[in-house]
There are 2 protein chains.
Amino acid sequence: MTGAHAAWLPAAAFRAIGSRRSAVHGRGLLVETVRQELRDACARFGGSSEADDDAELVLTSDTRPGSPATDLGPEGFTLARQDGVTVLVAGGPAGILYGFFHVVRLGEEAFGADFPVQTHRPAMRRRMLDHWDNVAVHEVMGQVERGYSGGSIFWSDGALTKDLERVRAYGRLLAASGVNAVSVNNVNVHATEARLLTDRLDDVAALADELRPYGIRVHLSVDFAAPVSVGGLRSADPLDPAVRQWWAGASARVYEHIPDFGGYVVKADSEGQPGPFAYGRSHADGANMLADALAPHDGVVHWRAFVYNHRQDWRDRSTDRARAAHDHFAPLDGQFRDSVIVQVKYGPIDFQPREPVSPVLAAMPNTRLAVEVQITQEYTGQQRHVCYLAPLWREVLGFRPWRAAGAAIAEVVAGGGGMVGVSNVGDDRFWTGHPLAQANLYAFGRLAWNPSLEPAAILDEWIGLTFARGADGVPEQLRRTLHAIMDDSWRTYEDYTAPLGVGFMVSPANHHYGPDIDGYEYSAWGTYHFADRDGIGVDRSLATGTGYAAQYPRPWSDTFESPATCPDELLLFFHHVPYIHVLHSGVTVIQHIYDTHFSGAERVHAMRSSWQEIEQADLVDGDLYARVAERLDEQVRSAEEWRDQMNAYFFRKSGIPDAQGRRIY
Amino acid sequence: MTGAHAAWLPAAAFRAIGSRRSAVHGRGLLVETVRQELRDACARFGGSSEADDDAELVLTSDTRPGSPATDLGPEGFTLARQDGVTVLVAGGPAGILYGFFHVVRLGEEAFGADFPVQTHRPAMRRRMLDHWDNVAVHEVMGQVERGYSGGSIFWSDGALTKDLERVRAYGRLLAASGVNAVSVNNVNVHATEARLLTDRLDDVAALADELRPYGIRVHLSVDFAAPVSVGGLRSADPLDPAVRQWWAGASARVYEHIPDFGGYVVKADSEGQPGPFAYGRSHADGANMLADALAPHDGVVHWRAFVYNHRQDWRDRSTDRARAAHDHFAPLDGQFRDSVIVQVKYGPIDFQPREPVSPVLAAMPNTRLAVEVQITQEYTGQQRHVCYLAPLWREVLGFRPWRAAGAAIAEVVAGGGGMVGVSNVGDDRFWTGHPLAQANLYAFGRLAWNPSLEPAAILDEWIGLTFARGADGVPEQLRRTLHAIMDDSWRTYEDYTAPLGVGFMVSPANHHYGPDIDGYEYSAWGTYHFADRDGIGVDRSLATGTGYAAQYPRPWSDTFESPATCPDELLLFFHHVPYIHVLHSGVTVIQHIYDTHFSGAERVHAMRSSWQEIEQADLVDGDLYARVAERLDEQVRSAEEWRDQMNAYFFRKSGIPDAQGRRIY
């Protein structure tokens, strides 16, 4: 743990709370966590953590039946300041923990002018991180699949990490962002990891012990075929009584080791993982069987909806990967047990920088749904590029599948499965490889707690905590610079990569890093753009295409159906159009490609220049500065590569010159 | 060694010689090898290996000074049959060995009607195989770099193989084909392999012991930086006396272990390997330093001319990888020691199915040159496709850089470094993965011995030996079928892959297997085709292009300079032309692409059908049949993939339909 960066909990962030007189009421593990936090902060900044009558901050919970605080739920709290005393009343111990970190976040503001009662309650009950970590180092994927921050923080050298202190520090960071569940191994469950469920429960329990004081429950990804691969049965048929009994027994043993175990995560019948199809059973059969095994223990099943044919023939245009999740899952609505959460990627393909919101999220009103996002930047620069993802997630959460008439995605998932993010954390000193990628992890937790937060406001919180220095907080120049670099970095990334929602022009050879425009064009993965000399895009209309557009409720199905109404940024996802098609923005598709690629790469140059000014002003630690600087160099190089390849590719194909006569190779 | 296929030395191939009365005169290791061969053959077929007065076959050497046989050199021999006695007179023990296998090859023909004296003498003194084998399994490349036949036959589990019997069997096969030198480790020398030169000489000596009875000398690939990486010096500067002394000492120790050691193979300053450039020295400085270290021991240095900038920027059209070897080496002609062999790949890029012959081979009259070919099918189907390469090599060897006025490539290299092939052999039961790929290994040795042999005749020899069965030899149907499948398989492969010499449309993600038309188009490797909506090809003319064409002597430089005279099959290597350019063949470039891809794939279908008829007739062993059948299935699949991707790609780009209206996706 020596030397790990403090991320958004540096000592300086506790200055306000640590210099006050505080009192904490209540008992239990989480309350003790808060007491210790206060003691540490006060030891540093001269306050008192055991004030009584003269407390300036009182943290308490009120769980008496009928108390107004019980409406808050176990994690909610109210906060008010009256007559110079800040009072936090929580609905339970977890509420005290989250409230405490909220007061830390407020800093001096929590102790300034009086303010009336504010109510804080997580919008989503489940705010979960999935770690795609392997225990053993995988031959192709390394230890962390799609990990760009070094090895796993949970597993090392084929065993439980020896640095449990770091796991605890991770839990603390997560609690301060709002996360309350973590799955500790990869959804692609290999042989070694399949045994976490059985032979290696002590290891999982040790992780749970470190995370429990921060209100975080541990989940496991399991191998659907475990009764065969681990249990020695001949079948994993979910309707076979022996199989059901095996899972019941295995689950009971899990809870003997970890009484507050969260549940299972399952990727079944997807990209080669085993599943119920082998036995002629449905996803509901499979998920319900696991739910029944967990039912006595109050655990849940996260069943991923990421199911498609990954052995497509590009010559067969009747197949459309985008349709697959809806085709598979919508008909099963209502068939899942209550403790099954169907976990749906935000878009129909695979975590592209721009996709329409998955229609599955609007198609299963009688199912608990979670929306899954990818914090790790597989398709958004792999933590070598700055790409602040909160604006993307905010758009997804705010999307209203039924337009004004209905709920937003945030509300669809709030009552059910909540929000799941694939973690971007590894054993890197800065946790996330790119130090600025910490903001994505932080923002994930904050949005899962409150999806209506503005991305720029979340970023501002993160800056205020992370770069706190002395009594004056964060230097204004640094704050401005970070906003300038990060606020629009997702749209910048979108601009210099695949255009107008068409997606997947990434390099297969480099594990999705960097451009390869035809890299997946003739592959089995179902990810095509169909660019020819006249035009580009995938016709997913009902009238002449794959019919994917019709998977949306009206009026969105109509909106997407026609190029005339389809939003520009998704045009090529839904339609094949000529390069000379004029966008709503007024420019042609080809000119849009040129313009966005030139301007996107230019903005990355500007990002790097802004950062260099930070150095001259000596506003951040030298090693953090250097790490970011080195990655910005790579981002500049890569953005220029994207720009030049994309422009060359489409100029060679279309023969249409740039209206502004800029350099195309 | 249990179960390894007999390749071209099955017991049945020795029927004729083994049923005769033979006498061998002479002494020494190689003569003893022949004696033992004869004893074994006679034991099986009832002949006598120690006949005296009544011998039907006499094998002898005549090394008396002034004898006509000494003109034959140590490996040559004469053969005649007179009055019912076949007499072989060799210039030395090695000549007896090669003569013995020649008689085996002749079979009954050697014992039929009388024939006058024939003289056999290898055209090339050095007929060498380079094994790109690693001792340790390399993370990316596996154990054998570009190996498609399993692991190494020399190294296993990080140590010398335990199956030395197999190494001996390999030596025997090679001797029967004509090979007389083997380099036993990869030219990319990794850390473990660098120590073969020092700590692990016993292992190399053990290999030499197995190969020596078959007249094969062992060579080692060495790390140019070995004085630093292995020796602990601070420099590997070839002009530094300490470095020179280190190599002298290391070389002396090698010869203490292996008195007939062949010498060093070096890939320097190429694709990341260290070399003399780091010290401001030339390739000649580097090579000569090693030559001086080997000089007291009669060893040679194979110094590879495969040197180019592999970190090119595709945007910079002034660089041309094709020019690199000539630019680097031609100016050094005359500067190399006599015991340095500059080893030149046959084409200027990298073992593509079709390239012009390297102009380096015509540019260094005062240097010993070897021509390097790739028996392992990196770019020619990776031993999943049938691709008989002798016709390609024959074209290279027969190329006359100065036209009728001058020597062919075979003559250029004959007096110097000879021919080097990258081996296609591994620990696979059939030696070469694809059983029919054995023919490439055999043909390599035969062409190195006699470059004027016809590929179909060599194939016929190979068939006659490999598929010999009982007294009647090879069934005529099998012989016909194998010719039908193999004779033109290289041109078929060319037809369904990259067109007209443009090369390198292979998949980076799949290690060069299968199509990816733009896979290297924007890469750093310098391998481009520049296809746009109007045309395709690389302008390498002097007038308007990179000037590569001018690296050839006249008249070839003129021939290549103009699209009007450039041979069709190399047109896109030398010129960028419109799709509607009419070839000498009378069709347009685009129609040529469609035609060759449809017909190429069709011919692969026919190959598979022919093979299936073999099964019905039960003409080969079941497991060999099955292995070939399985690979032909893959070849059909892959050829269709090539056809459909290439046709789709160029139809999308050109917009020009197939004149025959065939299916393009």
Side-chain angles (χ1 to χ4, degrees), chain A residues 137-140 142 311-318 505-525 528-536 576 578-579 590 637-638 640-657 663-665, chain B residues 137-140 142 311-318 505-525 528-536 576 578-579 590 637-638 640-657 663-665:
Chain A
V137 175
H138 186 264
E139 211 179 312
V140 178
R311 299 190 185 283
Q312 262 180 249
D313 189 331
W314 62 273
R315 290 167 284 211
D316 169 15
R317 294 230 186 167
S318 71
M505 292 178 165
V506 293
S507 166
N510 282 328
H511 296 280
H512 302 162
Y513 187 75
D516 186 346
I517 296 151
D518 276 0
Y520 282 91
E521 189 58 15
Y522 304 93
S523 80
W525 296 98
Y528 311 120
H529 56 65
F530 300 122
D532 63 19
R533 74 194 324 250
D534 301 315
I536 178 176
H576 188 93
Y579 294 118
I590 187 73
R637 187 207 62 75
S638 179
E640 290 182 346
E641 187 186 29
W642 272 101
R643 175 195 66 197
D644 293 336
Q645 283 196 32
M646 294 289 293
N647 287 344
Y649 180 98
F650 285 105
F651 175 65
R652 288 187 191 180
K653 240 174 185 158
S654 71
I656 301 171
R663 177 72 183 262
I664 294 177
Y665 293 90
Chain B
V137 174
H138 187 263
E139 211 180 313
V140 177
R311 299 188 185 286
Q312 261 180 251
D313 188 333
W314 62 273
R315 291 166 284 211
D316 170 16
R317 296 229 185 168
S318 71
M505 291 177 164
V506 293
S507 166
N510 281 330
H511 296 279
H512 302 162
Y513 187 74
D516 185 346
I517 298 151
D518 276 359
Y520 281 90
E521 188 58 15
Y522 304 94
S523 80
W525 295 97
Y528 311 120
H529 57 65
F530 301 123
D532 62 20
R533 73 194 327 249
D534 301 315
I536 177 175
H576 187 95
Y579 295 117
I590 188 72
R637 186 206 64 74
S638 179
E640 290 183 345
E641 187 186 28
W642 273 101
R643 175 195 67 198
D644 293 337
Q645 284 196 32
M646 294 289 293
N647 287 346
Y649 179 97
F650 285 105
F651 175 65
R652 288 187 192 181
K653 241 176 184 156
S654 71
I656 301 170
R663 177 73 182 262
I664 294 177
Y665 292 89

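In this text, all values refer to a predicted model and were calculated from it rather than measured experimentally. Chain identifiers are assigned alphabetically (A, B, ...) following the order of the sequence lines, protein sequences preceding nucleic acid strands; residue numbering begins at 1 within each chain.
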Could you tell me which residues in residues 511-518 of chain A have at least one non-hydrogen atom under 4.5 Å from a non-hydrogen atom of chain B, sorted by residue number?
A/D516, A/D518
Answer yes or no: is there a donor N or O on one side and an acceptor on the other, between the side chain of B/R533 and the main chain of A/K653, under 3.5 Å?
yes
Option that, when pairs with chain A are counted at under 4.5 Å, heavy atom only, ranks first among B/S654, B/G655, B/G519
B/S654
Please flag which part of A/S507 lies under 4.5 Å from any non-hydrogen atom of chain B: side chain, backbone, both or neither.
neither
dist A/D644:CG -> B/Y522:OH (nearest 0.5 Å) comes out at 10.5 Å
Any chance you could measure A/F530, atom CZ, to B/R652, atom CZ, to the nearest 0.5 Å?
6.5 Å
A/A531 portion near chain B, given a 4.5 angstrom heavy-atom threshold
backbone
To the nearest 0.5 Å, atom CD of B/Q645 lies from atom CH2 of A/W314 at 5.5 Å
